[in-house]
Amino acid sequence: MRRIDRHSNGFLLFVTLFALTVLAIGRVVLSAVLRGEMAAILLTDPFLQWPTADSVQVVWFTEFEGRDHQVEFGDRFEQIAPAATIKLSRMREDGRSKIGAQTDENQLYQKPVSRNIWRHEATVSGISKRTPYRVVSVENGSRITSPEFSLVPTPTPGSELKILLTSDHQLMPLTPVNLQKVTETIDRIDAVFLAGDLVNIPDRASEWFDDNRGGAFFPSLQGRASYQHPKGGQYRGGKIIQNAPLFPAVGNHEVMGRFSTETGLNEQYNDPYPRSKVANFASLSPKELADRSFNTISVQELFNFPNSYYAISFGDVRLVSLFAANIWRTPDRNPSQRGRYQERKEDFNSPDQWGYGQHIFEPIAKGSPQYNWLQAELNSPEFQQAKYKIVMFHHPPHTLGDNIVPAYTNPVQIIDRSAGQIQDIRYEYPIEQDFLIRDVVPLLESAGVQLVFYGHSHLWNRFISSKGMHFLESSNVGNTYGAYLGEKRRPVPPGFKEKYVATGDPNGLEPVMPSIAPLTENGKPQPYIASNDITAFSIFDTATGTISSYRFDPNQPNSSVVKFDEFRLRT
């Protein structure tokens, strides 16, 4: 009995000391949590970019600088590819960020505050097939490892691929729904072609990584989102870009305006002063010029673009991605608005406050550097020998949406004066000078392009030219700016010299009715999806040359995804 008593006392002493130790550790952990010193985690899963015949880039992000960042790959993760690290230079939060405890404006931030985020990129070389991989970062002696994924080099011609065609994610509520339905419908996505407007404000870090509304860019494409639909259903997006390369185009929401440490990020985004108007711009450094005009610094750093326009081969596909985007401005003619067609009355005597209409960011007219590059690309062996020739950019050449008006051309400024005083500043856009229709589209048709893919108006519709070139806009991920057909009219300015087309496609093509199951309005089938409730996506199957489009209504969470359209590219 005494031996049992002694052991009981020892056990009680052990339990007491253990409990005190746990309590002490708990206090340390709680204190660390409150100080933001908990063990580090990866900010994102890795994602894939820019594959070659025997390599692919692997990219991930952390909120610590760390060390020994690397990719481990192979059947036993026995091979290592070291990563290069940079700190993102423009990532910030502000009073309109939805991050952490800030669910309303200005709760945590009253002006822009820099956020420390590091990008790690490794090139995995010497691969010939789909290969397991994971990424590793070390912080404070702790080894932080991602889950296991798989990577693959550029597929060879003849590979049977399924490519997601998507656009205009912009943290829209149904984006996680859309991407989750992609992975539930298609067994494996081999690549993502994304026609611009990835987020809303490219310098706002939380929109990329951890917006508290649950639909930030990377979580949505990595199956780590958290969106609760009002009609039921928790959606996490799709686990896609960890295993399939992402090819984005530059849209207007990839461009920031004049830099400030005081004004909010939305205001900076909406202030993309034209470079040609910057005094002595030729003598400025690239950073000085970017600070005073507009820039794509954040997306260049995030995705390591080879250029703002590029071409790449992927299996049987030659993808050409162009930079065709202009600043979006309101069509409202109220004197207090800086818009598409006018300057604000209060700014008449302050040219540095003028918006200069919907000015174009990167020239694409005949004779411009981008046009000359495109011409050379279309004549290259890589392009001419490709089975499928696809051109992707952001601005629509043909659409029923709002954003095609006015024409894609340089605004013509008209200043009315009386007795030396400015009475009005307005902008005209000659439709015969639309650079996409006048210069780019004929060049693409003559080169045998089968598909032009774009976004910007947040809807689904498609067209086909008299020469058989297809045009597809698949940018409705559950939000829209409307489709204008029949009695539905775009807002266009009265009394202007130019003709601004209120209905239909201003550039003369008739929309193609979905071939399988079009939506109906008042019992009539419609050649578009323009909905804030229904989300749509498109898949290019290179084995058959078909592009299939699907829709889903999360207001009916137990319903099925519906294939509503399909067409085949000529070869």
Side-chain angles (χ1 to χ4, degrees), residues 163 165 167 193 195 249 309 311 313-314 316-324 364-368 370-401 404-405 407-409 430-457 459-475 485 501 504-515 527-528 538-542 544-549 565-571:
I163 299 171
L165 307 178
S167 183
F193 294 175
Y309 44 91
S313 295
F314 193 79
D316 283 325
V317 180
R318 184 65 172 178
L319 173 68
V320 180
S321 179
L322 302 177
F323 187 1
I364 201 170
K366 187 174 183 178
S368 68
Q370 183 173 198
Y371 181 93
N372 292 341
W373 173 89
L374 173 62
Q375 200 169 35
E377 162 59 28
L378 298 180
N379 287 312
S380 70
E382 294 85 355
F383 181 88
Q384 294 188 346
Q385 294 168 14
K387 183 177 182 180
Y388 299 113
K389 303 170 178 66
I390 296 177
V391 174
M392 174 176 70
F393 47 81
H394 186 63
H395 194 91
H398 298 284
T399 185
L400 301 176
I404 196 170
V405 174
Y408 192 79
T409 189
I431 194 167
E432 71 278 4
Q433 295 179 27
D434 188 304
F435 300 140
L436 295 178
I437 299 301
R438 186 192 70 184
D439 299 336
V440 175
V441 167
L443 190 64
L444 303 182
E445 284 195 312
S446 65
V449 170
Q450 296 116 312
L451 175 68
V452 180
F453 173 56
Y454 48 92
H456 197 36
S457 286
L459 51 75
W460 182 99
N461 56 185
R462 70 177 178 95
F463 304 80
I464 184 169
S465 74
S466 60
K467 296 183 179 180
M469 188 164 70
H470 292 274
F471 298 85
L472 174 66
E473 179 174 7
S474 189
S475 61
L485 194 62
V501 180
D505 171 36
N507 296 317
L509 292 185
E510 291 296 322
V512 177
M513 189 68 68
S515 60
Y528 58 82
S538 300
I539 301 293
F540 177 35
D541 184 342
T542 67
T544 61
T546 56
I547 295 176
S548 304
S549 293
D565 183 65
E566 189 168 271
F567 65 96
R568 179 169 293 176
L569 302 183
R570 70 181 192 277
T571 56

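Numbers here are sequence positions counted from 1.
- Residues L400 and Y528 approach most closely at CD1-CD2, 3.8 Å, considering heavy atoms.
- Looking at every heavy atom in both residues, D565 comes nearest to S515 through OD1-N, 2.8 Å.
- A distance-only check finds no donor-acceptor pair linking the side chain of D541 to the backbone of S548 [under 3.5 Å].
- Here the shortest heavy-atom pairing between A195 and F393 reads CB-O, 3.8 Å.
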**OP:** For the pair L444 and K389, evaluate side chain to side chain contact (heavy atoms under 4.5 Å, CB included) and give the outcome as yes or no after the intermediate values.
**Re:** CA-CA 9 Å; L444 303 182; K389 303 170 178 66; over 6 Å; no
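- Looking only at atom types and distance, the side chain of E473 has a donor-acceptor partner in the side chain of T399 under 3.5 Å away.
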Subject >> Verdict with supporting geometry, L322 and Y371, side chain to side chain contact (heavy atoms under 4.5 Å, CB included) >> reply: CA-CA 9 Å; L322 302 177; Y371 181 93; over 6 Å; no
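- Ring pair Y388/F540 is perpendicular by interplanar angle, where above 60° counts as perpendicular and below 30° as parallel.
- Using a distance-only test at 3.5 Å, with no hydrogens or angles considered, no donor-acceptor pair links the side chain of E377 to the main chain of E382.
- Here the CG-CD1 distance, from L569 to I390, works out to 6.5 Å after rounding to the nearest 0.5 Å.
- Annotation for W460 and S549: closest pair NE1-OG, 3.0 Å, computed over non-hydrogen atoms.
- In this structure a side-chain-to-backbone donor-acceptor pair under 3.5 Å is present from T409 to Q433.
- Taking 4.5 Å as the limit, every side-chain heavy atom of S321 sits out of range of all side-chain heavy atoms of Y309.
- Between the CD atom of Q375 and the CG atom of D439 there is a distance of 10.5 Å, given to the nearest 0.5 Å.
- Although no hydrogens or angles enter the test, the distance criterion places a donor-acceptor pair under 3.5 Å between the side chain of S475 and the main chain of L459.
- To the nearest 0.5 Å, atom OH of residue Y408 and atom CG of residue D434 are 9.5 Å apart.
- Between the side chain of Y454 and the backbone N or O of S167 there is no donor-acceptor pair closer than 3.5 Å.
- For CD of E510, the number of neighbouring non-hydrogen atoms (other residues, nucleotides, ligands) closer than 6.0 Å is 12 at most.
- Listed here is the closest heavy atom pair of R570 and M469: NH1-N, 3.8 Å.
- Interatomic distance, L443 CG to K366 NZ, rounded to the nearest 0.5 Å: 9.0 Å.
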Original post:
Would V440 and V391 satisfy side chain to side chain contact (heavy atoms under 4.5 Å, CB included), going step by step from the backbone distance to the final call?
Top reply: CA-CA 11 Å; V440 175; V391 174; 6.0 Å; no
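- With respect to F567, the side chain to side chain contact (heavy atoms under 4.5 Å, CB included) criterion is satisfied by exactly one of I547, T546, I464, V512: I547.
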Original post:
Checking side chain to side chain contact (heavy atoms under 4.5 Å, CB included) for the pair E432/R438: CA distance, chi angles, key distance, verdict?
Top reply: CA-CA 7 Å; E432 71 278 4; R438 186 192 70 184; over 6 Å; no
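- Checked options V441, N507, D505; the residue passing with F471 is V441 (criterion: side chain to side chain contact (heavy atoms under 4.5 Å, CB included)).
- Expressed to the nearest 0.5 Å, how far CD of Q450 lies from CZ of R318 amounts to 14.0 Å.
- Annotation for I404 and P397: closest pair CD1-O, 3.4 Å, computed over non-hydrogen atoms.
- To the nearest 0.5 Å, atoms NE2 (H456) and NE2 (H394) are separated by 5.0 Å.
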